[in-house]
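Since the structure comes first, as structure tokens, the remarks are kept for the end.
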Number of protein chains: 2
Amino acid sequence: MDTELDAVFAALADPTRRRILSMLLEDDMAVTDVAEPFEMSLAAISKHLAILTRAGLISQDKRGRVKWCRLEPDAMRAATVWIQGFGLFEPVDFDAFERFLERERIGDAP
Amino acid sequence: MDTELDAVFAALADPTRRRILSMLLEDDMAVTDVAEPFEMSLAAISKHLAILTRAGLISQDKRGRVKWCRLEPDAMRAATVWIQGFGLFEPVDFDAFERFLERERIGDAP
DNA sequence: GGTATCGTCAACCATCCGGTTGAATATGCC
DNA sequence: GGCATATTCAACCGGATGGTTGACGATACC
């Protein structure tokens, strides 16, 4: 039924994977570069990336011998929509949030 | 660190638990009543409720011999905030996001 | 062709998860 | 006291998870 939502929430339930997602927020990355800041093996990171891919949170595109990882925001958006379905919170203005991020990024620039 | 978020997302990653949460949206319920529509044992539901409680998504209040379960929306809100601002672990961004939310709320007010 | 780099596969391990069943602990009722 | 109801505990099971290591298949470079 809602196995997609299962996969998304399960994928988000791990700090390593959340950190990977936030790294990909900056830019697309190769698998080796994703693994670099972590203290675990490359194989472990590769598994985490597979879980994120299965959940639809990222996509992987192999060009040459390097595999590029790209954030896919839609799956995460689905999770947010489910939470909002509770009606407990004001609906989130995604466009406003995008503008917020943009402003922050500009503010941080030298 | 971020074990709280771990627990929230892990708790949300199960359809039974999500269904329980949506049931509790209606009203507080006793454990037995929560278990009634499910086809699994009462003990299994009791475990699910323990997981939801540990994640802070519900609270349980024993009055007499019946234990009442109540939805606690704050934990879910934390998850939403992370998703919306994912990658904003740095306090600076979190504060900025709080201000952003505040601004949005003021903007929306009549 | 030979070699280094990128990434996954396979096997293994410890631990957790979601479920069961049966016994145990409260509490309420007569 | 004695019995029924509400809920958890304890032990168990099969399967998933998160990690390791070592071998392997591709691709790039000289």
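- Contacts of A:Thr32 classified as side chain to side chain contact (heavy atoms under 4.5 Å, CB included), with partners at least two apart in sequence or in another chain: none.
- Criterion: ILVMFWY side-chain heavy atoms under 4.5 Å apart, direct or through other members. Under it, A:Leu52 and A:Met23 are part of a common hydrophobic cluster.
- Between B:Met40 atom CE and D:dT8 atom C1' the separation is 17 Å, expressed in whole Å.
- To the nearest 0.5 angstrom, A:Ile51 atom CD1 is 10.5 Å from A:Ile58 atom CD1.
- To the nearest angstrom, P of C:dC16 lies 14 Å from CG of B:Asp6.
- Following rounding to the nearest Å, B:Asp61 (CG) and D:dA6 (P) show an atom-to-atom distance of 17 Å.
- One atom, CG of B:Leu12, and another, P of C:dC17, lie 15 Å apart when rounded to the nearest Å.
- Other residues sharing the hydrophobic cluster of A:Val66, ordered by chain and number and joined by side-chain separations under 4.5 Å: A:Trp68.
- One hydrophobic cluster holds both A:Leu12 and A:Phe38 under the rule that ILVMFWY side chains link at heavy-atom gaps under 4.5 Å.
- Heavy-atom distances under 4.0 Å link DNA chain D to A:Ser41, A:Ala43, A:Ala44, A:Lys47, A:His48, A:Ile51 of residues 41-56 of chain A, given in residue order.
- With rounding to the nearest 0.5 Å, the separation of CG in A:Leu5 from CG in B:Asp14 is 11.0 Å.
- Straight-line distance from the CZ atom of A:Phe38 to the P atom of D:dT20: 12 Å, rounded to whole Å.
- Residues satisfying the side-chain hydrogen bond (donor to acceptor under 3.5 Å, both in side chains) criterion with A:Thr53, sequence neighbours excluded, are A:Gln60.
- Computed from coordinates, the B:Ile20 CD1 to C:dG19 C1' distance equals 14 Å when rounded to whole Å.
- When all heavy atoms of A:Ala7 and A:Ala55 are compared, the pair lying nearest together is O-CB, 3.6 Å.
- Taking a 4.0 Å limit (strictly below) on heavy-atom distances, residues 28-36 of chain A reaches DNA chain C at A:Ala30, A:Val31, A:Thr32.
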Quick one: what's the B/S/- string for nucleotides 24-30 of chain C, heavy-atom cutoff under 4.0 Å, read 5' to 3'? ---BS--
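- The side chain to side chain contact (heavy atoms under 4.5 Å, CB included) check on A:Ala44 picks up A:Met40, A:Ser41, with sequence neighbours excluded.
- With sequence neighbours excluded, the residues forming a salt bridge (Lys or Arg N to Asp or Glu O under 4.0 Å) with A:Asp61 are A:Arg63, listed by chain and number.
- Rounding to whole angstrom units, CH2 of residue B:Trp68 and C1' of D:dT5 are separated by 14 Å.
- Partners of B:Ala13 by side chain to side chain contact (heavy atoms under 4.5 Å, CB included), not counting sequence neighbours, listed by chain and number: A:Phe9, A:Ala10.
- Taken over five-pair windows at either terminus, the axes of the helix from C:dG1-D:dC30 to C:dC30-D:dG1 are inclined to one another by 20° (rounded to 10 degrees).
- Atoms CD (B:Glu39) and C1' (C:dT21) sit 18 Å apart, rounded to a whole Å.
- Sorted by first then second residue, the salt bridge (charged side-chain N to carboxylate O under 4.0 Å, His left out) pairs that include residues 26-47 of chain A, not counting sequence neighbours, are A:Asp28-A:Arg70.
- Residues B:Thr16 and B:Arg19 are not in side-chain contact: their nearest non-hydrogen atoms beyond the backbone lie 4.5 Å or more apart.
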